[in-house]
Amino acid sequence: YLSIYLSIYLSIHPSIHPSILQFKSLGSVSFYFLKKFIIVSCKLVFSFDWFRLFSTVLQVIKVYSEDNTSRAVEVPSDITARDICQLFILKNHCIDDHSWTLFEQIPHLSIERTIEDHESVIEVQSGWGMDSHCCLYFRKNYAKYEFFKKPLDFFPEHMVSISSETNGIMNHSQLIQTFLSSSSCPEIHGFLHAKEHGRKSWKKFYFVLRRSGLYFSNKGTSKEPRHLQFIAEFSDSDVYTLLSGKKVYGAPTDYGFCVKASKLNSARDLKLLCADDEQTRTCWVTAMRLFKYGMQLYQNFIQPHQKQKSSPMRSISENSLVAMDFSGHKTRVIENPSEALSVAVEEGLSWRRKSCHRLSSHGSPSTSQSSMSTIHVAQPWFHSKLSRDEAQKLITQQGLIDGVFLVRDSQSNPRTFVLSLCHTQKIKHFQIVPVEENGELFYSLDDGHTRFTDLLQLVEFYQLNRGVLPCKLKHHCARITL
């Protein structure tokens with residue numbers, strides 16, 4: 001540090017020539033300046049600002065992706081989960097659609113949770129045990145803030161009670177406002193399976209979730225204070241989902257979750273619960289997140305959108321994509337679905353013929369046909385040799401909201417493909433069948449009624465039109481390698 005302090009001292013006293021401070025012989029003048037230099041240096045060392053500058057600590061964290069590749073990065077101690085996501089979005093050249101999320105996974109307990117965007121990652125790690133082998137995962141989660149957009153889909157009417165005059169009818173904004181406002185008292189209630197402490201058995205109880213915490217009734221569905229027993233509160237606890245509830249904890253269904261205190265990492269400290277279906281589990285977990293963080297969650301949700309308004313970018317939402325006709329003197333929007341379908345097919349055939357003609361000048365027709373039939377391989381929504389169970393797991397991890405999809409090879413028929421799509425929190429699988437006509441190959445979801453020259457055209461069509469599907473394709477499942 002001597003050279004650093006010397007530079008600082010010379011910058012303060014520029015009239016001093018550096019040669020004076022070459023202490024080859026300590027004469028009276030050079031000794032005087034050496035003495036002054038040491039005094040000033042000590043003052044700088046012990047001043048608060050300089051101490052803070054030299055004591056800035058960087059820490060190394062390791063983050064995994066879904067294919068279990070990992071990358072270690074050096075970060076400041078106050079970095080948040082959103083900062084980490086932005087870092088990996090830039091490093092991996094991902095599209096920032098505000099769905100990238102950091103997850104905390106605790107393998108020995110078989111649980112995981114979303115780390116909220118504002119949370120300090122280093123603080124999360126400080127709660128891990130020395131031998132816990134906990135991990136951070138970077139992946140998409142389209143459902144992270146979907147409840148702000150469609151709260152009635154997340155909070156079924158029969159599970160929510162509001163102690164206010166709403167005449168039994170609430171719109172989207174009123175429902176969310178009751179959770180965000182500290183003056184209102186929303187309540188989630190319903191039956192859940194709970195694992196009895198110290199036993200392997202599970203028992204069904206009537207639970208009530210309030211701002212003050214989670215309770216269960218020891219007398220049927222009674223909500224009287226004398227019948228409600230306290231289970232957990234959320235100021236120093238987090239809610240996790242169970243990754244293998246049936247296998248590890250003997251849960252009665254696949255829809256398990258738990259409440260865990262921040263500094264406790266043993267299985268006996270978990271408050272293990274289990275719902276009968278995905279919608280019920282999602283309702284409880286979402287309500288617990290809202291009760292714990294409240295308005296902070298809403299700030300996390302609107303922050304990226306506020307940045308977009310200050311620096312507007314082209315939106316690629318479903319509302320900005322419409323079928324257009326450019327054949328006449330004036331352009332027009334094609335509102336008739338049948339006409340849009342015929343135009344899409346005609347445009348696809350025309351594009352394919354032009355592409356084949358262009359490619360045939362550089363290679364054989366068979367080569368161009370092969371290029372067109374494999375154009376889907378490079379698309380982020382295509383996951384080649386993915387099994388049905390793996391597809392369901394991937395979609396579940398990336399958010400069970402309407403329109404989350406992927407395309408994969410069929411396991412039962414090598415010549416066909418499968419479109420896996422989420423609708424109403426359920427995953428459905430649609431077979432894409434190849435159809436041959438006049439020596440040309442097409443793909444269809446509806447037994448050849450609607451045909452496409454390749455999978456890319458098929459996906460783009462169903463992103464604009466629902467067709468035979470229960471909903472449009474909105475969000476593709478993507479995997480990245482860190």
Asker: Can you tell me which residue among His193, Lys195, Glu196 is in a side-chain hydrogen bond (donor to acceptor under 3.5 Å, both in side chains) with Ser201?
Answerer: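 Testing each of His193, Lys195, Glu196 against Ser201, the sole residue satisfying side-chain hydrogen bond (donor to acceptor under 3.5 Å, both in side chains) is Glu196.
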Asker: Apply salt bridge (Lys or Arg N to Asp or Glu O under 4.0 Å) to residues Glu112 and Arg139 and explain how you reach the verdict.
Answerer: CA-CA 13 Å; Glu112 76 168 15; Arg139 67 170 185 256; 2.4 Å; yes
Asker: For residues Leu297 and Arg289, determine if any side-chain heavy atom of one lies less than 4.5 Å from a side-chain heavy atom of the other.
Answerer: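 The answer is yes; the side chains approach within 4.5 Å.
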Asker: Ser99 versus Glu146: any side-chain heavy-atom pair under 4.5 Å?
Answerer: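 Counting from C-beta outward, Ser99 and Glu146 never come under 4.5 Å.
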Asker: Between the main-chain N or O of Gly127 and the side-chain N or O of Asn265, is there a donor-acceptor pair closer than 3.5 Å?
Answerer: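 Checked: pair present.
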Asker: Which heavy atom of Ser77 sits nearest a heavy atom of Ile122, and at what distance?
Answerer: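 For Ser77 and Ile122, the tightest heavy-atom pair comes out as O-CG1, 3.4 Å.
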Asker: Rounded to the nearest 0.5 Å, how far apart are CD1 of Ile401 and CG of Asp153?
Answerer: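 Answer for the CD1-CG pair, Ile401 versus Asp153, is 10.0 Å.
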Asker: Compare all side-chain heavy atoms of Tyr240 with those of Leu270 and state whether any distance is below 4.5 angstrom.
Answerer: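 Result no, sub-4.5 Å side-chain heavy-atom pair not found.
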Asker: For a quick test of reading the model, state the closest non-hydrogen atom pair linking Ile188 to Ala287 and the distance between them.
Answerer: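 Distance-wise, the nearest heavy atoms are CG1-CB, 3.6 Å.
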Asker: For residues Asp117 and Gln299, is any side-chain donor paired with an opposing acceptor at under 3.5 Å?
Answerer: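 Side chains of Asp117 and Gln299: no pair found under 3.5 Å.
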Asker: Start with the C-alpha distance between Arg281 and Thr241, add both sets of side-chain angles, then the distance that settles side chain to side chain donor-acceptor pair (under 3.5 Å), and finish with yes or no.
Answerer: CA-CA 9 Å; Arg281 176 171 71 170; Thr241 56; 5.2 Å; no
Asker: For the atom pair SG (Cys134) and NE2 (His108), what is the distance rounded to the nearest 0.5 Å?
Answerer: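 If we round to the nearest 0.5 Å, Cys134:SG and His108:NE2 are 6.0 Å apart.
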Asker: Regarding Lys292 and Glu119, does a basic nitrogen lie under 4.0 Å from an acidic carboxylate oxygen?
Answerer: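 So Lys292 does not pair with Glu119 through a salt bridge.
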Asker: With no hydrogens and no angle check, do the side chains of Asp389 and Ser387 hold a donor and an acceptor under 3.5 Å apart?
Answerer: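 Not at all, the side chains of Asp389 and Ser387 share no donor-acceptor pair under 3.5 Å.
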Asker: NZ of Lys204: more than 12 outside heavy atoms within 6.0 angstrom?
Answerer: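 Yes, because the 6.0 Å sphere around NZ of Lys204 holds more than 12 heavy atoms from other groups.
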Asker: Dump the intermediate steps for side chain to side chain donor-acceptor pair (under 3.5 Å) on His118 and Thr80, then the final yes or no.
Answerer: CA-CA 6 Å; His118 67 278; Thr80 64; over 6 Å; no
Asker: Counting neighbours of OH on Tyr298 that are heavy atoms of other residues, nucleotides or ligands and sit closer than 6.0 Å, is the number greater than 12?
Answerer: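 Result for OH/Tyr298: open.
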Asker: Assess whether atom CD of Gln229 is packed by more than 12 heavy atoms of other residues, nucleotides or ligands within 6.0 Å.
Answerer: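 Yes, the 6.0 Å shell around CD holds more than 12 heavy atoms from other groups.
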Asker: Determine whether a donor-acceptor pair (N or O, by modelled atom type, separation under 3.5 Å) exists between the side chain of Ser244 and the backbone of Lys247.
Answerer: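 The answer is no, because no donor-acceptor pair under 3.5 Å joins these two groups.
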Asker: Hey, is the main chain of Val259 close enough, under 3.5 Å, to the side chain of Lys271 for a donor-acceptor pair?
Answerer: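 Absent.
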Asker: Using modelled atom types and a 3.5 Å cut-off, is there a donor and acceptor pairing between side-chain atoms of Ser266 and backbone atoms of Leu264?
Answerer: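 Checking the backbone N and O of Leu264 against the side chain of Ser266, no donor-acceptor pair under 3.5 Å is found.
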Asker: Does a salt bridge link Glu187 with Lys223, judged by any charged N lying under 4.0 Å from a carboxylate O?
Answerer: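 The answer is yes: the pair qualifies as a salt bridge.
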Asker: Using 30° and 60° as the class boundaries, would you call the ring planes of Phe230 and Tyr215 parallel, tilted or perpendicular?
Answerer: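 Because their plane-to-plane angle is over 60°, the rings of Phe230 and Tyr215 count as perpendicular.
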Asker: May I ask you to check whether His98 and Tyr145 place their ring centers less than 6.0 Å from one another?
Answerer: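 Not close enough - the centres of the two rings lie 6.0 Å or further apart.
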Asker: Which heavy atom of Gln411 sits nearest to which heavy atom of Lys385, and what is that distance?
Answerer: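 Taking Gln411 first and Lys385 second, the nearest heavy atoms are NE2-C, 4.2 Å.
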Asker: Any chance you could measure Gln425, atom CD, to Thr282, atom OG1, to the nearest 0.5 Å?
Answerer: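 Taking CD in Gln425 and OG1 in Thr282, the distance rounds to 4.5 Å.
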Asker: Check whether any side-chain N or O of Asn465 sits under 3.5 Å from a backbone N or O of Gly467 as a donor-acceptor pair, and report yes or no.
Answerer: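 Flag not set: sc Asn465 to bb Gly467 has no pair under 3.5 Å.
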Asker: Should Lys140 and Asp97 be marked as a salt bridge (Lys or Arg N to Asp or Glu O under 4.0 Å) after you check the CA-CA gap, both sets of side-chain angles, and the distance that decides it?
Answerer: CA-CA 9 Å; Lys140 282 179 174 288; Asp97 57 2; 2.6 Å; yes
Asker: So Tyr142 and His475, would you call those rings parallel, tilted or perpendicular, with 30° and 60° as cut-offs?
Answerer: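 Parallel: the ring planes of Tyr142 and His475 meet at under 30°.
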Asker: When you compare the side chain of Val160 with that of Thr178, does any pair of heavy atoms fall below 4.5 Å?
Answerer: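 Of all side-chain heavy-atom pairs linking Val160 with Thr178, none is under 4.5 Å.
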Asker: Check whether any side-chain heavy atom of His376 sits under 4.5 Å from a side-chain heavy atom of Leu456, and report yes or no.
Answerer: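 Not touching, per the 4.5 Å side-chain cut-off.
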Asker: To the nearest 0.5 Å, tell me how far Leu102 CG sits from Arg113 CZ.
Answerer: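 Reported to 0.5 Å precision, the distance equals 9.5 Å.
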Asker: Check the angle between the aromatic planes of Phe417 and Phe382 and answer parallel, tilted or perpendicular using the 30° and 60° thresholds.
Answerer: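 Perpendicular: the ring planes of Phe417 and Phe382 meet at over 60°.
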Asker: Looking at side-chain heavy atoms only, is the closest gap between Gln379 and Val459 below 4.5 Å?
Answerer: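 Of all side-chain heavy-atom pairs linking Val459 with Gln379, none is under 4.5 Å.
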Asker: Count the heavy atoms belonging to other residues, nucleotides or ligands that lie under 6.0 Å from CD1 of Ile95, then report whether that count exceeds 12.
Answerer: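 Count not over threshold, so no.
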Asker: Apply salt bridge (Lys or Arg N to Asp or Glu O under 4.0 Å) to residues Lys260 and Glu104 and explain how you reach the verdict.
Answerer: CA-CA 13 Å; Lys260 184 184 84 69; Glu104 175 193 10; 5.4 Å; no
Asker: Say whether, by atom type as modelled, one donor and one acceptor occur between the side chain of Ser444 and the main chain of Thr450 under 3.5 angstrom.
Answerer: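 Checked: pair present.
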Asker: Looking at Thr253 and Ala275, would you say the former's side chain and the latter's main chain have a donor-acceptor pair under 3.5 Å?
Answerer: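 It does hold such a pair.
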Asker: Indicate the ring-plane relationship of Phe179 and Phe291, choosing parallel, tilted or perpendicular according to the 30° and 60° boundaries.
Answerer: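 Aromatic pair Phe179/Phe291 classed tilted.
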Asker: Under the criterion side-chain hydrogen bond (donor to acceptor under 3.5 Å, both in side chains), which of Lys393, Gln398, Arg479 is the partner of Glu66?
Answerer: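 When Lys393, Gln398, Arg479 are each tested with Glu66, the side-chain hydrogen bond (donor to acceptor under 3.5 Å, both in side chains) holds only for Gln398.
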Asker: Does Thr416 reach the main-chain N or O of Asn413 with its side chain, forming a donor-acceptor pair under 3.5 Å?
Answerer: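 At least one qualifying donor-acceptor pair exists.
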Asker: Where is the tightest heavy-atom contact between Cys422 and Cys471, given as atom of each residue plus distance?
Answerer: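 The pair with the smallest heavy-atom distance is O-SG, 3.9 Å.
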Asker: Between Ser65 (side chain only) and Ile480 (backbone N and O only), is there a donor and an acceptor less than 3.5 Å apart?
Answerer: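 Such a contact is found between Ser65 side chain and Ile480 backbone.
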Asker: When rounded to the nearest 0.5 angstrom, what distance separates CZ in Phe442 from OG1 in Thr453?
Answerer: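 It comes to 7.5 Å.
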Asker: Trp284 side chain to Leu209 main-chain N or O, any donor-acceptor pair under 3.5 Å?
Answerer: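 Answer holds: no.
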Asker: What distance do Phe88 atom CZ and Trp100 atom CH2 have between them, rounded to the nearest 0.5 Å?
Answerer: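 Here the rounded value is 11.5 Å.
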Asker: Just wondering, do His476 and Phe405 contact through their side chains at under 4.5 Å, heavy atoms?
Answerer: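 A side-chain contact under 4.5 Å exists here.
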Asker: Tell me, do Cys477 and Val404 make a side-chain contact under 4.5 Å, heavy atoms counted?
Answerer: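 Yes, at least one pair of side-chain atoms sits under 4.5 Å.
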